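All of these numbers come straight from a predicted model, not from anything done at the bench. For the single chain, residues carry numbers from 1 onward in sequence order. All ligand and atom numbering here is 1-based and tracks the order in the structure. All heavy atoms count here, side chains included; hydrogens, waters and symmetry mates do not.
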Amino acid sequence: MKKIAVYPGSFDPITNGHVDIIKRGLGVFDELIVLIAYNPNKKTLFSVEERVEMIQEVIRDFKNVRVDSFDGLLVDYAKVAGANVILRGLRALSDFEYEFQLALINRRLNRDVETIFLMTGYKWFYTSSTIINEAASLGGSVKGLVPEIVNQKLVEKYSSKRGIV
Ligand code: ADP
């Protein structure tokens, strides 16, 4: 049976920590779906369309991976997509409790789907979309922590917000 994994998250925006998990996930699974799991009522920096576009660009040269978006229950998406694994990344201990809760509820909702974790690469231990956004919003450089296309988009977004361009 084909091992298809869904890698869900907000990806607001995608960082090099996420890219690391995608690349390593591709070494383990036959197919990977990067899923922008969104809540239409939650405020994000980038729209779903912008996030899809950035991820598409980042994974352009990778095989067996695609991007999608969904605003429903993750296990429902997994079932329709024929995925038997939910892939998540773990950073510091602080990720653990939330991830544990999420894995347990998803397992309760559908016992056929397993959550599998990959530990972050040490370079990306402190990389989160929130921290990246905060630094970029104050004009700090996040080059090297996000794919170049994302770096450009952040610069554009925040320069226009701060009225620089
Ligand atoms: P959420 O909005 O649920 O926090 P994110 O979009 O931030 O999700 O991240 C999606 C997944 O990627 C989560 O499992 C998260 O722990 C993981 N992740 C985020 N940043 C990193 C990183 N730097 N290294 C490894 N995994 C990460």
Side-chain angles (χ1 to χ4, degrees), residues 3-29 31-59 62 65-78 81 83-110 113-137 140-151 153-154 157:
K3 290 272 173 245
I4 304 176
V6 179
Y7 177 35
S10 314
F11 303 101
D12 185 38
I14 186 168
T15 70
N16 283 345
H18 294 128
V19 176
D20 181 54
I21 298 291
I22 294 172
K23 283 186 181 160
R24 289 162 55 207
L26 282 172
V28 179
F29 304 107
E31 257 179 56
L32 199 63
I33 304 166
V34 181
L35 185 70
I36 299 172
Y38 70 97
N39 174 348
N41 300 315
K42 213 170 126 185
K43 211 173 150 21
T44 54
L45 178 65
F46 292 100
S47 68
V48 173
E49 294 72 28
E50 286 175 310
R51 283 178 275 163
V52 166
E53 211 175 285
M54 282 187 279
I55 297 173
Q56 249 160 6
E57 182 64 30
V58 170
I59 62 174
F62 300 176
V65 54
R66 64 189 164 88
V67 58
D68 201 358
S69 62
F70 188 62
D71 66 353
L73 209 52
L74 179 58
V75 289
D76 290 344
Y77 179 92
N84 33 25
V85 170
I86 293 169
L87 176 65
R88 296 286 285 179
L90 277 182
R91 281 160 298 184
L93 215 57
S94 52
D95 276 348
F96 183 79
E97 200 171 335
Y98 173 65
E99 291 292 340
F100 197 5
Q101 283 179 3
L102 212 61
L104 288 179
I105 188 73
N106 282 328
R107 185 159 159 72
R108 189 190 159 93
L109 293 169
N110 185 341
V113 181
E114 285 291 355
T115 302
I116 292 186
F117 297 95
L118 284 177
M119 291 292 175
T120 187
Y122 73 93
K123 281 201 218 158
W124 319 117
F125 198 78
Y126 293 110
T127 306
S128 74
S129 302
T130 311
I131 290 294
I132 298 273
N133 285 348
E134 210 162 302
S137 73
S141 169
V142 294
K143 217 175 166 61
L145 295 176
V146 292
E148 191 43 38
I149 165 100
V150 176
N151 183 40
K153 293 271 179 209
L154 280 167
K157 188 80 96 183

Residues 113-127, side-chain donor-acceptor partners within the protein, below 3.5 Å, at least two apart:
none

Report the C-alpha distance between Val65 and Phe29 in whole Å, list the side-chain angles of each, state the deciding distance to 0.1 Å, and finish with yes or no for side-chain contact (heavy atoms from CB on, under 4.5 Å). CA-CA 10 Å; Val65 54; Phe29 304 107; over 6 Å; no

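Between Val75 and Asn106, the closest heavy-atom pair is CG1-O, 3.6 Å.
Between Phe100 and Phe96, the ring-plane angle classifies as tilted under the 30° and 60° cut-offs.
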Starting from the N and O atoms of ligand 1, find every protein N or O within less than 3.5 Å and list the pair with its distance.
| from | atom 1 | to | atom 2 | distance (Å) |
| --- | --- | --- | --- | --- |
| ligand 1 | 2 (O) | Ser10 | OG | 2.4 |
| ligand 1 | 3 (O) | Arg88 | NH2 | 3.2 |
| ligand 1 | 6 (O) | Ser10 | N | 2.8 |
| ligand 1 | 6 (O) | Phe11 | N | 2.9 |
| ligand 1 | 9 (O) | His18 | NE2 | 3.2 |
| ligand 1 | 12 (O) | Tyr7 | OH | 2.7 |
| ligand 1 | 14 (O) | Arg88 | NE | 3.1 |
| ligand 1 | 14 (O) | Gly89 | N | 3.0 |
| ligand 1 | 14 (O) | Gly89 | O | 3.3 |
| ligand 1 | 14 (O) | Glu99 | OE2 | 3.4 |
| ligand 1 | 16 (O) | Gly89 | O | 2.6 |
| ligand 1 | 20 (N) | Arg91 | NH1 | 3.3 |
| ligand 1 | 23 (N) | Trp124 | O | 2.9 |
| ligand 1 | 23 (N) | Thr127 | O | 2.9 |
| ligand 1 | 24 (N) | Thr120 | OG1 | 2.7 |

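Ser129 places a side-chain N or O within donor-acceptor distance of the main-chain N or O of Pro13, the cut-off being under 3.5 Å. Looking at Asn133, its side chain does come within 3.5 Å of a backbone N or O of Asp12 through a donor-acceptor pair.
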